[in-house]
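Below is one structure, written out as structure tokens; comments come after it.
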Amino acid sequence: MTDELTRFHFHEIPVRGHWIRLSNVWTQALSHKEYPTNVQLMLGEMLAITAMVSNNIKYNGAVSIQSAGKGPIHFSFAECRQETKLRAIAQLNPSEDISLRANMNFRELIGNSKLAISLLPEQGDPYQGLVELHAPDLAQNMERYFEKSEQLDTRILLAADKSSITGCLWQRLPSAEGATDLTLDEDQDAWDSVSALVSTISKSELSELSPEQLLVRLFPERSIFLDAPKALEYKCTCSTQRTSQALRTMSSDEINEILKTDKAVQVSCEFCGKTYKFDEHDISKLKKGEPLVH
């Protein structure tokens, strides 16, 4: 199954949307850690929404959604870079027996954590917005964030089966500059109609239909244009240089003790599980500020 995202827009009305289906990316993001089923679903939803938001703003950089605080999950993170490269992680609170809380929704899983959406451009200043948590699921909270913080009416649907997660984001665009009151009313009516029809989509339809099939079923009389789908991939940003920074948190005595016993210090990436080894020669180069080449 191909992991891809399709962007679409309506010809007659100011509405734009995104459709996404993740399978391999979702599997790879979960592959190196054991997560309970509801945490797997949570990370899949975060990945899907992050990718749709990134493509919605055609963003040259990284977009992430993350939570941090006290709860069964004390940290979660999903990121999309360059609109196609995804990764995600969750850290479970060791004091919580999360296996006994299999029916927890998103809000319950993160407890009193703060939820934030961050934009990290390749050039320019970063931005972070806090998402207020009023609803039990992630999609509803993100809808409210766009409506209240960005003044953009938004609908987000998500559905998962055993092998994939599918999402759809619908957003009302601003009316044309200088639009008359009549046009503004017509645009509002059009959005209300779109929103009502979106509400009729079942989770099985969302999981099973292609974006073309879904749009034809909902809007048989509307002209809708679909961009070419984008292929998505799981991609971690870890490297020898990035991972070596973890050694700076260790004392020289700790490092020397490990080298005596194991001949190398091993550091594993939390996102992808890849292990990097640093021997005595590597440690010496790091102390001198010299770059490593593995």
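Judged by distance alone, the side chain of R21 and the main-chain N or O of S164 form no donor-acceptor pair under 3.5 Å. A distance-only check finds no donor-acceptor pair linking the side chain of D153 to the backbone of R172 [under 3.5 Å]. Of the possible polar contacts, one joining the W26 side chain to the Q40 backbone as a donor-acceptor pair under 3.5 Å is found. Side chain of N141 to main chain of H134: a donor-acceptor pair is present (N/O by atom type, distance under 3.5 Å, no hydrogens or angles). With E257 contributing its side chain and E254 its backbone, the two residues share no donor-acceptor pair below 3.5 Å. A distance-only check finds no donor-acceptor pair linking the side chain of S193 to the backbone of D189 [under 3.5 Å]. Within the 3.5 Å criterion, the main-chain N or O of S23 finds a donor-acceptor partner in the side chain of D3.
Between R217 and E205, some side-chain heavy-atom pair lies under the 4.5 Å cut-off. Between I49 and L158, the closest side-chain pair of non-hydrogen atoms falls below 4.5 Å. The shortest distance between side-chain heavy atoms of I224 and V216 does not fall below 4.5 Å. Side-chain contact check for F106 versus L41: every heavy-atom pair is 4.5 Å or farther apart. The shortest distance between side-chain heavy atoms of C168 and L206 falls below 4.5 Å. The shortest side-chain heavy-atom distance between L115 and L138 falls under the 4.5 Å cut-off. The closest side-chain heavy-atom distance from D137 to N105 is not below 4.5 Å. P72 has its side chain out of reach of E108: every pair of non-hydrogen atoms, C-beta onward, lies at least 4.5 Å apart.
Using a 3.5 Å distance cut-off with no hydrogens or angles, the side chains of Q82 and E122 do pair a donor with an acceptor. A donor-acceptor contact under 3.5 angstrom links the side chains of S76 and S67, judged on distance only. In this structure, a donor-acceptor pair under 3.5 Å is absent between the side chains of S195 and D192. Side-chain atoms of E132 and Y145 include no donor-acceptor pair closer than 3.5 Å. Looking only at atom types and distance, the side chain of D161 has no donor-acceptor partner in the side chain of S207 under 3.5 Å away. In this structure, a donor-acceptor pair under 3.5 Å is absent between the side chains of T154 and E143. Side-chain contact check for Q128 and S118: at least one donor-acceptor pair (N or O, by modelled atom type) lies under 3.5 Å. In summary, the side chains of N93 and S95 do present a donor paired with an acceptor at a separation below 3.5 Å, with no hydrogens or angles considered.
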**Report entry** Worked verdict on S199 versus R155 for side-chain contact (heavy atoms from CB on, under 4.5 Å)
**Finding:** CA-CA 9 Å; S199 299; R155 293 297 310 277; 3.0 Å; yes
Query raised in the report: Checking side-chain contact (heavy atoms from CB on, under 4.5 Å) for the pair E79/L120: CA distance, chi angles, key distance, verdict?
Result: CA-CA 10 Å; E79 179 185 69; L120 185 63; 5.9 Å; no
**Report entry** Residue pair Y276, C238: steps toward the side-chain contact (heavy atoms from CB on, under 4.5 Å) verdict
**Finding:** CA-CA 10 Å; Y276 294 83; C238 69; 3.1 Å; yes
Report task. For T27 and Y234, run side-chain contact (heavy atoms from CB on, under 4.5 Å): C-alpha distance rounded to whole Å, both residues' side-chain angles, the deciding distance at 0.1 Å, then the answer. Result -> CA-CA 9 Å; T27 300; Y234 176 81; over 6 Å; no
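Two different hydrophobic clusters hold M142 and L152 under the rule that ILVMFWY side chains link at heavy-atom gaps under 4.5 Å. Residue I13 is grouped with residue W191 when hydrophobic side chains (ILVMFWY) are merged at heavy-atom distances under 4.5 angstrom, including chains of intermediate members. In the hydrophobic clustering of ILVMFWY residues, with side-chain heavy atoms under 4.5 Å counting as a link, F271 and L86 come out together. Residue L5 is grouped with residue I57 when hydrophobic side chains (ILVMFWY) are merged at heavy-atom distances under 4.5 angstrom, including chains of intermediate members. The cluster map of Ile, Leu, Val, Met, Phe, Trp and Tyr, joined by side-chain heavy atoms under 4.5 Å apart, puts L232 and F8 in different clusters.
Interatomic distance, OG of S64 versus CZ of R81, reported as 9.0 Å (0.5 Å rounding). Atom CZ of F10 sits about 12.5 Å away from atom CZ of R16, to the nearest 0.5 Å. In this structure, W170 CH2 and I156 CD1 are separated by 12.5 Å, a value rounded to the nearest 0.5 Å. Atom CG of D187 and atom CG of L182 lie 9.5 Å apart (nearest 0.5 Å).
The two residues Q213 and S210 make their nearest non-hydrogen contact at OE1-N, 2.9 Å. Residue I20 comes nearest to A51 through the heavy atom pair CD1-CB, 3.5 Å, listed as atom of the first residue, atom of the second, then distance. Closest heavy-atom contact between I283 and F278: CD1-CB, 4.0 Å. Here the closest heavy-atom approach between residue P126 and residue P121 is recorded as CA-CD, 3.8 Å. Looking at every heavy atom in both residues, Y35 comes nearest to A90 through OH-N, 3.2 Å. Closest approach of P94 to H74, counting heavy atoms only: CD-CD2, 4.5 Å.
Within 6.0 Å of the NZ atom in K235, the count of heavy atoms belonging to other residues, nucleotides or ligands does not exceed 12. Counted within 6.0 Å of CD on Q151, heavy atoms from surrounding residues, nucleotides or ligands total more than 12; the atom is thus considered enclosed. For D125, the CG atom counts as loosely surrounded, since its 6.0 Å shell holds 12 or fewer non-hydrogen atoms of other residues, nucleotides or ligands. Taking a 6.0 Å sphere around CD of E280, one finds it holds 12 or fewer heavy atoms contributed by other residues, nucleotides or ligands.
Screening T6, N55, D227, N56 against H18 for a side-chain hydrogen bond (donor to acceptor under 3.5 Å, both in side chains) leaves a single residue, N56.
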